[in-house]
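What follows is one structure encoded as structure tokens, with my remarks underneath.
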2 protein chains.
Amino acid sequence: MPRLDESLLTGLPPFARLGRPEIREILDQAASRRYDEGAAIFREGHDAETFFLLLDGYVRVARTTADGDQVVVLHIAPGQLFGIAPALRRDTYPATASAAAECIALAWPVQLWHDFAARYDGFAAETYRTVGQRLGEIQGTLTQLATQAVEQRVADALLRMANQSGRKTDAGIEIAFPVTRQNISEMTGTTLHTVSRLLSAWQKAGIVRSTRKHIVITAPHRLVELGSAGGPES
Amino acid sequence: MPRLDESLLTGLPPFARLGRPEIREILDQAASRRYDEGAAIFREGHDAETFFLLLDGYVRVARTTADGDQVVVLHIAPGQLFGIAPALRRDTYPATASAAAECIALAWPVQLWHDFAARYDGFAAETYRTVGQRLGEIQGTLTQLATQAVEQRVADALLRMANQSGRKTDAGIEIAFPVTRQNISEMTGTTLHTVSRLLSAWQKAGIVRSTRKHIVITAPHRLVELGSAGGPES
DNA sequence: GCTGAACGTTGCTCTTCCACAAACTTCCGG
DNA sequence: CCGGAAGTTTGTGGAAGAGCAACGTTCAGC
């Protein structure tokens, strides 16, 4: 296995306060793994044996209900830790993670988590900051699901993805990983049919352009109007 | 102020591994506070200056949307820590907490949190376990909201409250704190009207008995049927 | 014992969105 | 180049549940 380069970790929040030697130590204990698009990284309920740092790609975290429905809880962007069950003293993963696009991740055995937390300054703090952010994000999604209409939720879901992973192109903001209508429906608690209709309508209105698994937002401001409140008030 | 008795904390998970002298230390730094039913304990977005342990009563944690809707995220039962923003490196509360029933809580200034975590064995670990549990709970609510019909969500909300705070009476399981239809609708993302109709129907069917702000579940198993799957499959 | 406020019930209407269905397009492997 | 799989589009009911409205009930304060 090629030796991993230290620049992979420098600058990332959990390791921000560390010097090269510490980063070297951490890297030397990591395994690098690759996942094809759609591949499962870990599954809900399984023993949490590993925690991860996403180097490249996007990870989708989802839960499955008793009757087989999927609900997408959040997305992980490059540079973030995930599968951090040990930080919350869980010995089992609370959700399923799969590669939304082809992914490269570093993996460490859970036992090392407490080591890292004890030994490396800022590591635990940053991890918990991340947990806090995700908790907030999930609460936000919950709130939206409870109060907003479908159109607003879908608009917001698009904007959230664009914010977290948007690539600016000449045509507008492009969501950087493959997304199906089905995926979006799983994020917003609706059906792929409804999502398809909304996207078609928005495309006709010039707000988005979409092809198979691929969405570009051409008029973000109009989507914001749709999402945050409902139609433009009188 | 009367000196607080050590028995208040012995046996509670965050302090389980501590001896009397440590518990004494912790208590001596605590302020005891009382809140009337409905009183706000802290508000979303305000500076997190204090964290709490609920001794008696029930706390409702909610978020408010831009257009004034409330969404109840979870309930806190006696013996649990809450307002633990510092554990997640937040300097502001992510939600609003108010007393669902009259409450007695211990309060400490946030600065002490890191002290406690560093000095007292098991304190941080137990706190994070709690965070993990709540995260799981919220994910569960999210999943339900995204996939289940209103009737099932309301049934489940009742059962959750009964599980967490149920008092067994001769008539059935009684929810130990005051709940309005409005409250339930805020937990389930529906309207008080719909909740009222459901409760009426269930009362006619002999599943619950309810009076003003007060609910007794007389046939929990039938509610479980309603919640977990939908009507009894052929 | 009144009065007003908070809480609860119920009927009706109307919209939203799901369910079902069928066809079409894009993509990939052989 | 062909065939199938995966993803998408569009149409047509129909049902669930929100919105609106009006009225009834319980309770606390004076």
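All chains are named by letter (A, B, ...) in the order of the sequence lines, taking the proteins before the strands, and each is independently numbered beginning at 1. This one's a predicted model, so the numbers in the text were calculated from it and none came from an experiment.
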| Phosphate contact (dC7(C) OP1 or OP2) by R181(B) side-chain N/O below 4.0 Å | no
| task | To the nearest Å, give me how far apart NZ (K213(A)) and P (dA5(D)) are. | result | 16 Å
| query | Base, sugar-phosphate, or nothing for L199(A), non-hydrogen atoms under 4.0 angstrom? | reply | nothing
| field | Sequence-aligned protein contact record of nucleotides 20-30 of chain C, with B where the base is within under 4.0 Å of a protein heavy atom and S where only the sugar-phosphate is | value | BB----BS---
| message | Can you measure L198(A) atom CG to dT8(D) atom P for me and round it to whole angstrom units? | response | 14 Å
| For residues Q133(B) and E137(B), is any side-chain donor paired with an opposing acceptor at under 3.5 Å? | no
| query | In whole Å, what is the span from the CH2 atom of W202(A) to the C1' atom of dT8(D)? | reply | 16 Å
| task | May I ask you to say whether D36(B) pairs ionically with R34(B), meaning some side-chain N is under 4.0 Å from a carboxylate O? | result | yes
| request: Please step through side-chain contact (heavy atoms from CB on, under 4.5 Å) for the pair T180(B) and N183(B), ending with a clear verdict. | output: CA-CA 5 Å; T180(B) 65; N183(B) 290 150; 3.1 Å; yes
| message | Given dA19(C), dC17(C), dT9(C), identify the nucleotide with an atom nearest to the side chain of V150(A). | response | dC17(C)
| query | Would you say the side-chain atoms of Q203(B) pair up with the backbone N or O of S210(B), donor to acceptor, closer than 3.5 Å? | reply | yes
| For dC17(C), does either OP1 or OP2 sit under 4.0 Å from a side-chain N or O belonging to T191(A)? | no
| field | Candidates dC18(C), dG8(C), dT8(D) - which lies nearest the side chain of T180(A) | value | dT8(D)
| query | Is the distance from OP1 or OP2 of dT10(D) to the nearest side-chain N or O of S200(A) less than 4.0 Å? | reply | yes
| message | Please list all pairs meeting ring pair (Phe, Tyr, Trp, His ring centres under 6.0 Å) that have one or both residues in residues 197-216 of chain A, counting only residues at least two apart or in different chains. | response | none
| query | Which one, dT8(D), dC18(C), dT10(C), comes nearest to the side chain of K204(B)? | reply | dT10(C)
| query | S196(A) near the nucleic acid: base, sugar-phosphate alone, or nothing, with a heavy-atom cut-off under 4.0 Å? | reply | base
| task | Measure the distance from CD on E37(A) to C1' on dG7(D) and round it to the nearest whole Å. | result | 12 Å
| Below 4.0 angstrom from OP1 or OP2 of dC17(C), is there any side-chain N or O of T190(A)? | no
| query | In whole angstroms, how far is the P atom of dT9(C) from the CZ atom of R209(B)? | reply | 12 Å
| field | Derivation and outcome, side-chain contact (heavy atoms from CB on, under 4.5 Å), residues L53(A) and L8(A) | value | CA-CA 10 Å; L53(A) 178 84; L8(A) 288 173; over 6 Å; no
| note | Q152(A) CD to dT16(C) C1', in whole Å, measures 12 Å
| request: Send over the distance from Q182(A) CD to dC18(C) C1', rounded to a whole Å. | output: 14 Å
| task | Calculate the interatomic distance between E151(B) atom CD and dC18(C) atom P; express it in whole Å. | result | 18 Å
| query | Checking side-chain contact (heavy atoms from CB on, under 4.5 Å) against L106(A), which of L55(A), L54(A), T50(A) comes through? | reply | L55(A)
